[in-house]
Engineer: 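Take a look at the following structure, please.
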Amino acid sequence: MLHPEKHLVIAIDGPAGSGKSSTAKRVADLLGILHLDTGAMYRAITLKCLKLGIPYQDHASIARLLRGTDISFSGPPGAMRVVMDGNDVTQAIRSDEVTKNVSDYCAVPIVRTVLVDLQRKIGGGRSLVCEGRDIGTVVFPDARLKFFMVASDEERARRRQKDFAALGIGKSVAELISEIRERDRKDSSRENSPLCKADDAIELDTTNMTLDEQVQSILEKAKKFLHK
Ligand code: DC
């Protein structure tokens, strides 16, 4: 458990399937601090836009929608629920449709402005593990510890295949590799806060690492900070 006087922000960035979520969850759980999954917030807005039939090009309607949307998290780090406008959307935001469209909605400037603001408010002054694409570069540039996780395309596709299988969706590794590459391309090439490694981030290639090894490598660095 983290001493309340030690304020520790751990930023974890990286592309889809690099191991961010499972690692962030476990590290937050073990340290007893908040786990903030920023991708879930972009997914929630995407879900709402898709449900209402608002295309990502319609920035005015998206801005209106954002003003009337409430996103929050509840529950412990290992079993965090995502709540939007009073409804539990934890499962719905993982659908294939949301996954395929989220890169377009998350590139809309007003979506990023509003969600980054909310992320800073939720994180405000407390210890947390925050995961996403722009955490170490934009959201919490002063984070004490920054990690950038990567893994081979094949390994990331295999991990995604397992996630989808758990939702009852069958997809081939080849299909997933091409979807992952397309999402990487969009996430890395957008103008606003693209996916990129912060200069002071530690790169972790998780291709051949177990979840335990990923967690331990972050905890080791966190402990060094805590015992300073
Ligand atoms: O981590 P994820 O797959 O749940 O993220 C969903 C999408 O949200 C992904 O395509 C990139 C985007 N995202 C982002 O642009 N910035 C973040 N901080 C987190 C996620």
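In listed order, ligands and their atoms are each counted from 1.
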Engineer: Please list the nearest protein heavy atom to atom 11 (C) of ligand 1 with its residue and the distance rounded to 0.1 Å.
Structural biologist: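 I find the closest protein heavy atom is Asp187 OD2, 3.3 Å.
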Engineer: Can you confirm whether the side chains of Thr210 and Asp212 place a donor and an acceptor under 3.5 Å from each other?
Structural biologist: no
Engineer: Which residue and non-hydrogen atom of the protein lie closest to atom 4 (O) of ligand 1, and at what distance in Å?
Structural biologist: Arg43 NE, 2.7 Å
Engineer: Taking Ser172's backbone N and O only, do any of them form a donor-acceptor pair with Gln161's side chain (distance below 3.5 Å, no angle check)?
Structural biologist: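 Side chain of Gln161 to backbone of Ser172: no pair is present.
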Engineer: Heavy-atom contact under 4.0 Å between Ser103 and ligand 1?
Structural biologist: yes
Engineer: Need the ligand 1 atom indices (1-based, order shown) with element for anything under 4.0 Å from a heavy-atom of Tyr42.
Structural biologist: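 Checking each atom against Tyr42, I get 8 (O), 13 (N), 14 (C), 16 (N), 17 (C), 18 (N), 19 (C), 20 (C).
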Engineer: So which heavy atom in the protein is nearest atom 19 (C) of ligand 1, and how far is it from that ligand atom?
Structural biologist: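 For this ligand atom, the closest protein heavy atom is Thr38 OG1, 3.3 Å.
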Engineer: Between Glu131 and ligand 1, does any nitrogen or oxygen pair lie at a separation below 3.5 Å?
Structural biologist: no
Engineer: Does Lys146 reach the main-chain N or O of Asp200 with its side chain, forming a donor-acceptor pair under 3.5 Å?
Structural biologist: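 Looks like no, no N/O pair under 3.5 Å.
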Engineer: I'd like to check which ligand 1 atoms, numbered from 1 as shown, lie under 4.0 Å from a non-hydrogen atom of Arg160.
Structural biologist: 3 (O)
Engineer: Arg156 and Thr207: side-chain donor and acceptor closer than 3.5 Å?
Structural biologist: no
Engineer: I want to confirm something. Looking only at heavy atoms, which of Lys100, Arg190, Arg133 is nearest to atom 2 (P) of ligand 1?
Structural biologist: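 The nearest heavy atom belongs to Arg133.
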Engineer: Going by distance alone, is a donor N or O of one side chain under 3.5 Å from an acceptor N or O of the other, for Arg112 and Tyr42?
Structural biologist: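 Yes - a donor-acceptor pair under 3.5 Å links their side chains.
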Engineer: So which heavy atom in the protein is nearest atom 18 (N) of ligand 1, and how far is it from that ligand atom?
Structural biologist: Asp134 OD1, 2.7 Å
Engineer: Check whether any side-chain N or O of Asp153 sits under 3.5 Å from a backbone N or O of Ile177 as a donor-acceptor pair, and report yes or no.
Structural biologist: no
Engineer: Counting non-hydrogen protein atoms only, what is the nearest one to atom 20 (C) of ligand 1? Give residue, atom name and distance.
Structural biologist: Gly39 CA, 3.5 Å
Engineer: I'd like to know if Ile93 and Tyr56 are part of one continuous hydrophobic network [Ile/Leu/Val/Met/Phe/Trp/Tyr, side-chain heavy atoms within less than 4.5 Å].
Structural biologist: yes
Engineer: Donor-acceptor pair, Ser152 side chain versus Glu155 backbone, under 3.5 Å?
Structural biologist: yes
Engineer: Using a strict cut-off of 4.0 Å, indicate which atoms of ligand 1 neighbour a heavy atom of Arg94.
Structural biologist: 4 (O)
Engineer: Just checking, any donor-acceptor pair under 3.5 angstrom between side chains of Thr206 and Arg159?
Structural biologist: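 The answer is yes; a qualifying pair exists.
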Engineer: Which residue owns the protein heavy atom closest to atom 12 (C) of ligand 1, what's the atom, and how far is it?
Structural biologist: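 Protein heavy atom at minimum distance: Cys106 SG, 3.6 Å.
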Engineer: Tell me whether Arg112 reaches ligand 1 (any heavy atom closer than 4.0 angstrom to a ligand atom).
Structural biologist: yes
